Q: 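Dropping a structure here in structure tokens format, bear with me for questions.
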Amino acid sequence: MKLATWNVNSLKVRLPQVLDWLAANPVEALCLQELKLSNENFPLDAFTEIGYQAHWAGQKTYNGVAVISRTACTDVQRNLPAYEDHQQRIIATTLDSAIGDIRVISAYCPNGQSVGSDKYEYKLAWFKALHVWLQDELKRYPRLAILGDYNVAPKDEDVHDPSKWVGDVLVSEPERAAFNALLDLGFTDAFREFEQDEKSFTWWDYRRFAFRRNAGLRIDHVLLSKELKPYCAACVIDKAPRSNEQPSDHTPVIATLDFGTAPSLVS
DNA sequence: ATGGCAGAGTTTCTCTGA
């Protein structure tokens, strides 16, 4: 089965592109971020018409996340428990699979705006709350995949020109430490489990022809728990939608889980 | 040092994103 994530930067504007993408890429589940629409404006019919189900946590103007899935989801949960947050950044659902339940989480981590700002402090606090929740969630759902826009480029190799970004928001040491703390829970950055092209990115600024220059960042990630990692057969970035007319500034990341593969890598 | 693009709402400007 394939799981994907895409920050669409307005589902209203990007809906035709998302439908086209699903037709060409019939993944089991697609996690969306930055819906930028309220719950009542979610285009459910457009997804059901092409054979998908949807669960979402919307919000007027900003944020908003969803899981679009081929089959029914259960145990839907919105937002981080034990963390008061008016911003809709998390939706968790459970999917059935050949090896049993898989917990799939769509996450839109805060941007942070600039190092030292109030939004930066919120970002770090939010990551701490995410860490606490995932620790708990892993006990209930050992087969856990968390996909989304983390707004963190984990290493310098994930930055087009690291010298220009030193200490900046998205690459600062505390943000990378917050990301690494998630890995310390046993998660794996699926993309880095496979050989990849140098300068592989998931986001490119709309300005200054950044996509054409490949001046991007890798900030959208698929994290797989220890129990899921052995089944991961591939993880790729699909750059094609970034070339669309009126594109999102992010592009999808897709992980393939192959349950026919014996989990020989379990240690 | 700054703005540059894009989307949404408070709309002909402001806020946010990354």
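Proteins come first, then strands; the chains are lettered A, B, ... in the order of their sequence lines, and each starts at number 1. Computed from a predicted structure; not experimentally measured. Heavy atoms only: backbone and side chains are in, while hydrogens, waters and symmetry mates are out.
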Q: Grab the two heavy atoms, one from A:Ile99 and one from A:Arg143, that are nearest each other, plus how far apart they are.
A: O-CZ, 3.3 Å
Q: Check whether A:Phe201 forms a cation-pi arrangement with A:Arg218 (NZ or CZ under 6.0 Å from the six-membered ring centre, at most 45° off the ring normal).
A: no
Q: Using a 4.5 Å cut-off on heavy atoms from C-beta on, say whether the side chain of A:Leu182 contacts that of A:His131.
A: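 Side chain of A:His131 against side chain of A:Leu182, heavy atoms only: contact under 4.5 Å found.
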Q: Would you indicate what A:Asn41 reaches in the nucleic acid, counting non-hydrogen atoms under 4.0 angstrom: base, sugar-phosphate, or nothing?
A: nothing
Q: Does A:Leu37 reach a base, just sugar-phosphate, or nothing at all? Heavy atoms under 4.0 Å.
A: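 Nothing: the residue A:Leu37, judged by heavy atoms under 4.0 Å, touches no strand.
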Q: For atom C1', what is the distance between B:dG3 and B:dG9, given to the nearest Å?
A: 23 Å
Q: What is the 5' to 3' range of DNA chain B, first to last nucleotide, that sits under 4.0 Å from any heavy atom of chain A?
A: B:dG4 to B:dA18
Q: Do A:Arg213's NZ or CZ and the ring of A:Phe209 fall within the cation-pi criteria of under 6.0 Å and 45°?
A: no
Q: How would you label the contact of A:Asn111 with the nucleic acid (heavy atoms, under 4.0 Å): base, sugar-phosphate, or nothing?
A: base
Q: Sticking with atom P, work out how far B:dT12 lies from B:dA18, rounded to a whole angstrom.
A: 26 Å
Q: Quick one: does A:Ile91's side chain get under 4.5 Å of A:Gln77's, heavy atoms only?
A: no
Q: What dot-bracket string describes DNA chain B from 5' to 3', counting Watson-Crick and G-U wobble pairs whose defining distances are under 3.5 Å, with [ ] for crossing pairs and | for pairs to another strand?
A: ....(((((...))))).
Q: Taking only residues at least two apart or on different chains, which pairs with a member in residues 53-76 of chain A satisfy ring-ring contact (aromatic ring centres under 6.0 Å, His included)?
A: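 Found A:Phe42-A:Trp56.
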Q: Between A:Gln246 and A:Trp165, name the one whose nearest nucleotide on DNA chain B is closer to the 5' end.
A: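 Nearest-nucleotide comparison on DNA chain B picks A:Gln246.
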Q: Where the side chain of A:Gln53 meets the backbone of A:Val67, is there a donor-acceptor pair that is under 3.5 Å apart?
A: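 Flag not set: sc A:Gln53 to bb A:Val67 has no pair under 3.5 Å.
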Q: Check for a donor-acceptor pair, side chain of A:Thr202 on one end and backbone N or O of A:Ile219 on the other, with a separation under 3.5 Å.
A: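 Side chain of A:Thr202 to backbone of A:Ile219, a donor-acceptor pair under 3.5 Å: yes, one is there.
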Q: With heavy atoms under 4.0 Å as the rule, sort A:Asp149 into base, sugar-phosphate or nothing.
A: sugar-phosphate
Q: Would you call A:Arg140 and A:Glu137 a salt bridge, using N to O less than 4.0 angstrom?
A: yes
Q: For nucleotides B:dT2 and B:dT11, find the distance between their P atoms and express it as a whole number of Å.
A: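 Comparing P positions in B:dT2 and B:dT11 gives a spacing of 28 Å.
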Q: Can you work out whether A:Leu170 or A:Leu11 has the more 5'-proximal nearest nucleotide on DNA chain B?
A: A:Leu11
Q: Categorize A:Tyr108 for me: base, sugar-phosphate, or nothing, with a 4.0 angstrom heavy-atom threshold over every strand shown.
A: sugar-phosphate
Q: Taking B:dA1 as the reference, what is the distance to B:dA6 when you measure between their C1' atoms (whole Å, please)?
A: 23 Å
